[in-house]
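Take a look at the structure below.
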Amino acid sequence: MSTDRQYDREFVRTFFTTPTAVEGEDDSAKMLRSAAELRGIEAPDVWVPDNEDATAPSMRAEGAENIVDVVAERGDDFPGEIHPRVVWHRDSPGTRYRGFQQMLTIADPDGGAVDYIDGFVIPEVGDIDDWKKADEAITVVEHEHGLEEGSLSMSVIVESGEAELAMGDLREEMGKPSNNLERMFLLVDGEVDYTKDMRAMTPTGELPEWPELRHNTSRGASAAGLVAVDGPYDDIRDVDGYRQRMRENRAKGMTGIWSLTPAQVEVANTAPLPPESGSWLLDVGGREVELDAEDGRQVYDGDDLDLEASGDGYVLRVGGDERELDDDELREELLDRTAYVPSMSDIVDSMEEFEAAKEAGKGAIAMTQSATLDVDGVTVDLSKDRMWDEATYQAAQTPITLFQDVYEHRPDQHDELEEKYGTDVVERATNVGN
């Protein structure tokens, strides 16, 4: 049996886990069935029927059967990829064997699910030799069921110091004839078990932030041509914290994040995309505040920064600091304190303008951003010039490449994207840079 598969996604925004069997319910697969019905912006890029931590040990045999039943019935219509998570552990041959048996059950062609299964998620991996064991187990599953070798991808959850160090070996090991590690797809952080493995403690008992782990996972994915995903954000009501975590991650090159609820999926699906409207930010006491656009002005009406005209100049107060400034000094101060967040349309406009300039033989051009700031009724006209060259163009292209990747792989989100940006901007965004 041969199954054609392509693992060509450059970005994964959402990694959504679902228990495979719920004890005490008339239908133990009810959560799987509900997740399989998600569509559009509420549907994840990667759905993970979780037959490990999210499912009680006593229910995992039934959970593997539930995956087969639900995916066979509804997998054809699910808009994202499907990657079940099985049990595994670097220090337990018995657990690894149970994970192998789960994969055999799920991938059995007689069950009808494997046609819609894109790969498996392997938790609790150790050093690179353990990654090879998991790869070999998947290879045996493929051979046992007559599947094309390499047709099932493998993603791992980095939950130990061993696994973190193994990412440094991955680039060298992938593609060796003694393994099939080129089947690798995602590197996913698992901060809870990683904290346990590292024997880390905080005064409150909360998880450390682990910025180093997130950086190392993003770097490991970049070096090996894979996709990096952050671990779960447990406070599902803290939407602002979830967004902030994603902003920090994107600055590290990590777009994807674990999602525990459909509401988190929706936030994580939309947050990395460029905004539909541009906005100006003002640094107030080390904190960036978004200004309100009113009648062609960018208005700050907070209490942490005051500005008033005084004689031939101005008095600027920020916190306990008070300064007297002339016109030029005030303009320079506000230029230092402001930043512009470009919209999708802004990015496309700039890229198209640079492409036209390059066609005309120019290597660099100046792009101007201007605004009128209104602080306590005092207005100041600001203008910034930014030089665009090929490197600037390539950096600006990343959010557009993300959009193009989403548009290509998630046709179920086309209507929502066109509603968000407008048909003209969507069409231009899908073509620019190509």
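By convention here, the first residue in the shown sequence is residue 1. The shown structure was predicted, so the numbers you read here are calculated from the model rather than taken from an experiment. Keep in mind that the numbers below use all heavy atoms, side chains included, and drop hydrogens, waters and symmetry copies.
Put simply, the side chain of Asp45 gets close to the backbone of Arg13: a donor and an acceptor are under 3.5 Å apart. No donor-acceptor pair under 3.5 Å is formed between the side chain of Ser277 and the backbone N or O of Ser343. Arg60 places a side-chain N or O within 3.5 Å of a backbone atom of Glu52 that can act as its donor or acceptor partner. Not a single donor-acceptor pair under 3.5 Å links the side chain of Arg33 to the backbone N or O of Val70. Panel note: side chain Arg171, backbone Ala224; no donor-acceptor pair is recorded below 3.5 Å. Between the side chain of Thr270 and the backbone N or O of Val267 there is at least one donor-acceptor pair closer than 3.5 Å. For the pair Asp197 (side chain) and Gly161 (backbone), a donor-acceptor distance under 3.5 Å is present. Judged by distance alone, with hydrogens and angles left aside, the side-chain atoms of Thr55 form a donor-acceptor pair with the main-chain N or O of Asp50 at under 3.5 Å. Not one N or O on the side chain of Ser218 forms a donor-acceptor pair closer than 3.5 Å with the backbone of Arg214. Side chain of Glu173 to backbone of Asp169: no donor-acceptor contact under 3.5 angstrom is found.
Between the side chains of Asn51 and Thr20, at least one donor N or O sits under 3.5 Å from an acceptor N or O. No hydrogens or angles considered: nothing links the side chains of Gln101 and Arg98 as a donor-acceptor pair under 3.5 Å. For the 3.5 Å distance criterion, the side chains of Asn179 and Trp131 fail to qualify, holding no donor opposite an acceptor. Side-chain contact of Tyr242 with Ser259: a donor-acceptor pair under 3.5 Å is present, judged by distance alone. Between the side chains of Glu390 and Gln394, a donor-acceptor pair is found at a separation under 3.5 Å.
Every residue two or more places apart in sequence or in another chain that forms a ring-ring contact (aromatic ring centres under 6.0 Å, His included) with Phe403 is listed here: Tyr407, Tyr421. Remark: Phe11 pairs with no residue by the ring-ring contact (aromatic ring centres under 6.0 Å, His included) rule, at least two apart or across chains. Under the ring-ring contact (aromatic ring centres under 6.0 Å, His included) criterion, Phe354 pairs with Tyr393, sequence neighbours left out. Applying the ring-ring contact (aromatic ring centres under 6.0 Å, His included) rule to His215 yields no partners; only residues at least two apart in sequence or on another chain are considered.
Counting only residues at least two apart or on different chains, the salt bridge (Lys or Arg N to Asp or Glu O under 4.0 Å) pairs with a member in residues 229-241 are Asp230-Arg245.
Residue Glu427 places its CD atom among 12 or fewer non-hydrogen atoms of other residues, nucleotides or ligands, all under 6.0 Å distant. Atom CD of Glu206 is surrounded by 12 or fewer heavy atoms from other residues, nucleotides or ligands within 6.0 Å. For CD of Glu352, the number of neighbouring non-hydrogen atoms (other residues, nucleotides, ligands) closer than 6.0 Å is greater than 12. Applying the 6.0 Å contact sphere to CG of Asp415 captures no more than 12 heavy atoms from other residues, nucleotides or ligands. Atom CE of Met31 has 12 or fewer neighbouring heavy atoms from other residues, nucleotides or ligands inside a 6.0 Å radius. Around CE of Met201, the count of heavy atoms belonging to other residues, nucleotides or ligands within 6.0 Å does not exceed 12. Applying the 6.0 Å contact sphere to NZ of Lys30 captures no more than 12 heavy atoms from other residues, nucleotides or ligands. Counting heavy atoms of neighbouring residues, nucleotides and ligands inside a 6.0 Å radius, atom CG of Asp26 does not exceed 12 of them.
With salt bridges taken as basic N to acidic carboxylate O contacts below 4.0 Å, one links Asp424 and Arg428. In summary, Asp193 and Lys196 engage in a salt bridge, as defined by a charged side-chain N under 4.0 Å from a carboxylate O. A salt bridge links Arg9 with Asp405: at least one charged nitrogen is closer than 4.0 Å to a carboxylate oxygen.
Residues Pro272 and Leu402 come closest through the heavy atom pair O-CD2, 3.4 Å. Taking both residues in full, the closest heavy atoms of Val156 and Met154 are given as CG1-CE, 3.8 Å, listed atom of the first, atom of the second, then distance. Scanning both residues, Asp118 and His83, for their nearest heavy atoms gives CB-NE2, 3.4 Å. Here the closest non-hydrogen pair linking Ala64 and Ile106 is O-CG1, 4.0 Å. Shown here for Phe78 and Ala35, the closest heavy-atom pair between the two residues is CE1-O, 3.5 Å. Counting all heavy atoms, side chain and backbone alike, Met184 lies closest to Leu170 at CG-CD1, 4.4 Å.
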List the atom pairs, with distances to 0.1 Å, where a side-chain N or O of residues 134-142 and a protein N or O form a donor-acceptor pair under 3.5 Å, not counting sequence neighbours.
unit_1, atom_1, unit_2, atom_2, d
Asp135, OD1, Arg183, NE, 2.8
Asp135, OD2, Asn180, N, 2.7
Thr139, OG1, Asp135, O, 3.0
Thr139, OG1, Asn180, ND2, 2.9
Thr139, OG1, Arg183, NH2, 2.9
Glu142, OE1, Gly150, N, 2.9
Glu142, OE1, Arg183, NH2, 3.0
Glu142, OE2, Gly150, N, 3.2
Glu142, OE2, Ser151, N, 3.1
Glu142, OE2, Leu152, N, 2.9
Glu142, OE2, Arg183, NH1, 2.8

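Between Glu81 and Val12 there is no side-chain heavy-atom pair separated by less than 4.5 Å.
Relative orientation of the Trp280 and Tyr340 rings is tilted, given thresholds of 30° and 60° on the angle between their planes.
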